[in-house]
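First up is the structure itself, then whatever we jot down about it.
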Amino acid sequence: MQIKSIRGFNDILPDKIKRWHHIESTAKEILELYGFSEIRTPVIEFTDIFARSLGTTTDIVEKEMYTFTDRDGSSLTLRPEGTAGVVRAYIEHALYSISPIWKLYYMGMMFRHERPQKGRYRGFYQIGAELFGSKDPFSDAEVITMLWRFFEAIGISNYLTLEISSIGDDRCRPLYRSKLIEFFSSRKDTLCRDCLRRLQQNPIRILDCKQEGCKQLTQDAPSILDNLCKECSEHFESVQKNLQNIGINFAINPRIVRGLDYYTRTVFEVTTKELGAQNAVGAGGRYDKLVEELGGPPTPAIGFAIGMERVVLLHEKAFPEDFKKQVDVFIAYIGSEAKKKAFLIADQLRRNSIATELDYEDRSLKSQLKRADKLGARFTIIIGEDELKQDKVKLRNMKESTEEEIKFEDIFPKLKNTCSHLSNTTSDFHRNQKAL
RNA sequence: GUGGGUGUAGCUCAGCCUGGUUAGAGCACUGGGUUGUGGCCCCAGAGGUCGCCGGUUCAAGUCCGGUCACCCACCCCA
């Protein structure tokens, strides 16, 4: 096999794309309802943007970035996540001087050079949202609520768990960190090899280890939640109350470890048990220092990212039936004169938002009807020589297997109530989804 | 980077253990059964470097070695 896509990069073929469209349009709908506006930023930035945002010792920056040198010698990187680019745009265009609050979302491809596995790819899509300019715990609750409402809207929330925590800020986290180091350093012999390394690089991550020995040990380890400063603690309390107030169910998991350095205070994860090892479907947190660190004015912010492929996998599990593209009308013809007429009618119907399809190769009527059936056409218009002579067509209702002869000029009036592109996109299936 | 699994038709897979005619099935595709009528059924057709390279053998899809790819898992993450 010579001709092949790059490892970890996938094609999304037309038979899958309807599902993607449905998820994406639902996401847009929800995000806009919450006041978010789309922003599109380049898929490529100066490497420095990511290195400074994510932290130079994070796995992403250390070994997962697609980085290369431009012709002028500058180092460029394909974005491994979305926040850094949005923050860059926020600062570059001085959005803070236009409005104190900005709610932005993006949908697009991200790139990470990891070993692919289930739910994890080198080129993958994320839907992300960022709220700039508020440190109010209500904004935390709003963003988390929106994330959860999205999962409800596409009907996969039954598979999901929402967990939240706080990782403190630059006052309390360093203190906690040294407490942890102290705790684990005196118990080095019980730690696995990975955790010994973590102890050096990122001791908080030991809390997330899957090894039994380490798991046991972390039972007695100090919890971040007992070590928050007063302000962080109050903030976290308030976020919880606000979520409870509107009936969002969540669990507190003090072991939530985020992979990026920029997070402060509130962090949250939506996870599933259905996808094997890659259990995070959406995750995010507050990052109150990042804008300032990248050269903007001090600006609190909070955001999340959703893994599109993982959502799609869950959606396929929840709704295994195909998301079929549907045509309203198929036009079958017999003979070259009828073909011309068919082509003309097709154009008129399409101009009136009726999805119409027809064959090219002058195939048998039987073949044409087969194809009409395969395409799920609601109606088939049949034009043969007899019909041409009488200025009529046969209109066949494919579901009922009934047929009637109507005049050319009656085609559109007859069809416009039963099918249109609009009614097609709000099919029963689609409506059922929304009702969930 | 490490470990395990899998590579045979467009897709899902059987055949390999125990080497031996033209390598099979289901689905999908094309045509026909109805010279102008879909779904179900029946018939026919088309579709294969058995991942690749080498070795053993009279003979390799089958045994052996290597290699590549994909999948899953570790690590990490959405």
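Reminder, nothing fancy here: chain letters follow the sequence lines and each chain counts from 1.
Just one residue in the list A:Ile331, A:Leu358, A:Thr356 forms a side-chain contact (heavy atoms from CB on, under 4.5 Å) with A:Ile345, and that residue is A:Ile331. With A:Lys103 as the fixed residue, the salt bridge (Lys or Arg N to Asp or Glu O under 4.0 Å) test singles out one of A:Glu32, A:Glu142, A:Glu130: A:Glu142.
One P atom belongs to B:rA23, the other to B:rG45, and the distance between them is 16 Å to the nearest Å. Distance check on atom P: B:rC50 versus B:rU21 gives 16 Å, rounded to whole Å. To the nearest whole angstrom, the two C1' atoms, one in B:rG15 and one in B:rU30, are 28 Å apart. On the P atoms, B:rC71 is 41 Å away from B:rG32, given to the nearest whole Å. Nucleotides B:rC52 and B:rU6 place their C1' atoms 16 Å apart, quoted to the nearest Å. For the P atoms, the distance from B:rG31 to B:rG24 is 25 Å, rounded to whole Å. The same atom, P, is picked in B:rU62 and in B:rU57; the two are 16 Å apart, to the nearest Å. When the P atom is used for both B:rU22 and B:rC42, the distance is 31 Å, rounded to whole Å.
What separates CG of A:Leu369 from P of B:rG31 is a distance of 13 Å, to the nearest Å. With rounding to whole Å, A:Leu160 atom CG is found 13 Å from B:rA78 atom C1'. Put simply, CD on A:Glu114 is 13 Å from C1' on B:rC74, counting in whole angstrom units. Atom CG in A:Leu275 sits roughly 15 Å away from atom P in B:rA78 (whole-Å rounding). Taking atom CD1 of residue A:Ile256 and atom C1' of nucleotide B:rC76, one finds them 16 Å apart after rounding to whole Å. Nucleotide B:rC71 holds its P atom 13 Å from the CZ atom of A:Phe9, rounded to whole Å. Between the OH atom of A:Tyr106 and the P atom of B:rA78 there is a distance of 10 Å, given to the nearest Å. Taking atom CD1 of residue A:Ile3 and atom P of nucleotide B:rU49, one finds them 16 Å apart after rounding to whole Å.
Proximity of A:Lys366 to the phosphate of B:rU35: no side-chain N or O atom is located under 4.0 Å from OP1 or OP2. Remark: A:Arg7 is in phosphate contact with B:rC70, judged by side-chain N or O atoms under 4.0 Å from OP1 or OP2. At B:rG31, one or more side-chain N or O atoms of A:Ser367 fall inside 4.0 Å of OP1 or OP2 (strictly under the cut-off).
Residue-level contact check: A:Ala372 touches neither bases nor backbone, having no heavy atom under 4.0 Å from any strand. A:Tyr121 comes within 4.0 angstrom of a nucleotide base, judged by non-hydrogen atoms across all strands. Counting any heavy atom pair closer than 4.0 Å across all strands shown, A:Glu387 reaches a base atom. Residue contacts shown for A:Glu385 include a base, since a base heavy atom lies under 4.0 Å away. Looking at heavy-atom distances under 4.0 Å, A:Gly276 makes contact with sugar-phosphate atoms alone, never a base. Within 4.0 Å (heavy atoms only), A:Glu403 reaches at least one base atom of the nucleic acid.
The side chain of A:Asp373 approaches B:rG38 more closely than any other nucleotide in the set B:rC75, B:rG36, B:rG38. Residue A:Asp59 has its side chain nearest to B:rC76 when only B:rC76, B:rG32, B:rC29 are considered. Out of B:rA73, B:rC75, B:rC77, the shortest distance to the side chain of A:Lys118 is found at B:rA73. With distances taken from any side-chain atom of A:Arg363 to the nucleotides B:rA78, B:rG31, B:rA73, the minimum falls on B:rG31. Nearest nucleotide to the side chain of A:Ala277, out of B:rA78, B:rC76, B:rC74: B:rC74. Set against B:rG1, B:rC76, B:rU37, the side chain of A:Lys394 has B:rU37 as its closest nucleotide. Side-chain atoms of A:Ile334 lie closest to B:rG36 of the nucleotides B:rC76, B:rA28, B:rG36. When each of B:rU37, B:rA28, B:rG1 is scored by its nearest atom to the side-chain atoms of A:Ile382, the top-ranked nucleotide is B:rU37.
In terms of polar N and O atoms assigned as donor or acceptor, the side chain of A:Arg310 comes within less than 3.5 Å of the base of B:rC77 in a complementary pairing. A donor and an acceptor atom sit less than 3.5 Å apart, one in the side chain of A:Ser401 and one in the base of B:rG39. Residue side chain A:Gln368 does not reach the base of B:rU37 through any donor-acceptor N/O pair under 3.5 Å, judged by distance alone. Evaluation of atom-type donor-acceptor distances gives a pair under 3.5 Å for the side chain of A:Arg396 against the base of B:rG38. For B:rC75, its base sits under 3.5 Å from the side chain of A:Gln117 at one donor and acceptor pair at least. Side-chain N/O atoms of A:Arg112 and base N/O atoms of B:rC77 include no donor-acceptor pair closer than 3.5 Å.
A cation-pi arrangement, defined by a distance under 6.0 Å to the six-membered ring centre and an angle within 45 degrees of its axis, is present between A:Lys341 and A:Phe408. Stacking of A:Arg187 on the aromatic ring of A:Phe183 is recorded, both the 6.0 Å distance cut-off and the 45° axial limit being met.
When Watson-Crick and G-U wobble pairs are counted only if both distances are under 3.5 Å, B:rU6 pairs with B:rA69. The partner of B:rG1 is B:rC74, by the rule that a Watson-Crick or G-U pair needs both atom distances under 3.5 Å. Shown here, B:rU34 forms no base pair; nothing in the strands shown gives a Watson-Crick or G-U wobble contact with both key distances under 3.5 Å. Both distances falling under 3.5 Å, in either a Watson-Crick or a G-U wobble arrangement, place B:rG20 opposite B:rC58. A 3.5 Å limit on both hydrogen-bonding distances identifies B:rU12 as the Watson-Crick or G-U partner of B:rA25.
With RNA chain B read from its 5' end, the first of the two nearest nucleotides for A:Lys370 and A:Gln278 is the one closest to A:Lys370. Toward the 5′ end of RNA chain B lies the nearest nucleotide of A:Arg371, the other residue of the pair A:Asn279 and A:Arg371 mapping further downstream.
A:Tyr106 is not listed as a side-chain neighbour of A:Glu38, based on a closest heavy-atom distance of 4.5 Å or more. In this structure, A:Phe111 and A:Phe9 have side chains that are in contact, with non-hydrogen atoms separated by less than 4.5 Å.
Within the 6.0 Å centre-distance limit, the rings of A:Tyr262 and A:Tyr287 are counted as a close aromatic pair.
The aromatic rings of A:His22 and A:His315 lie tilted to each other, with the angle between the two planes from 30° to 60°.
Using a 4.0 Å cut-off between charged nitrogen and carboxylate oxygen, A:Arg350 and A:Glu357 count as a salt-bridge pair.
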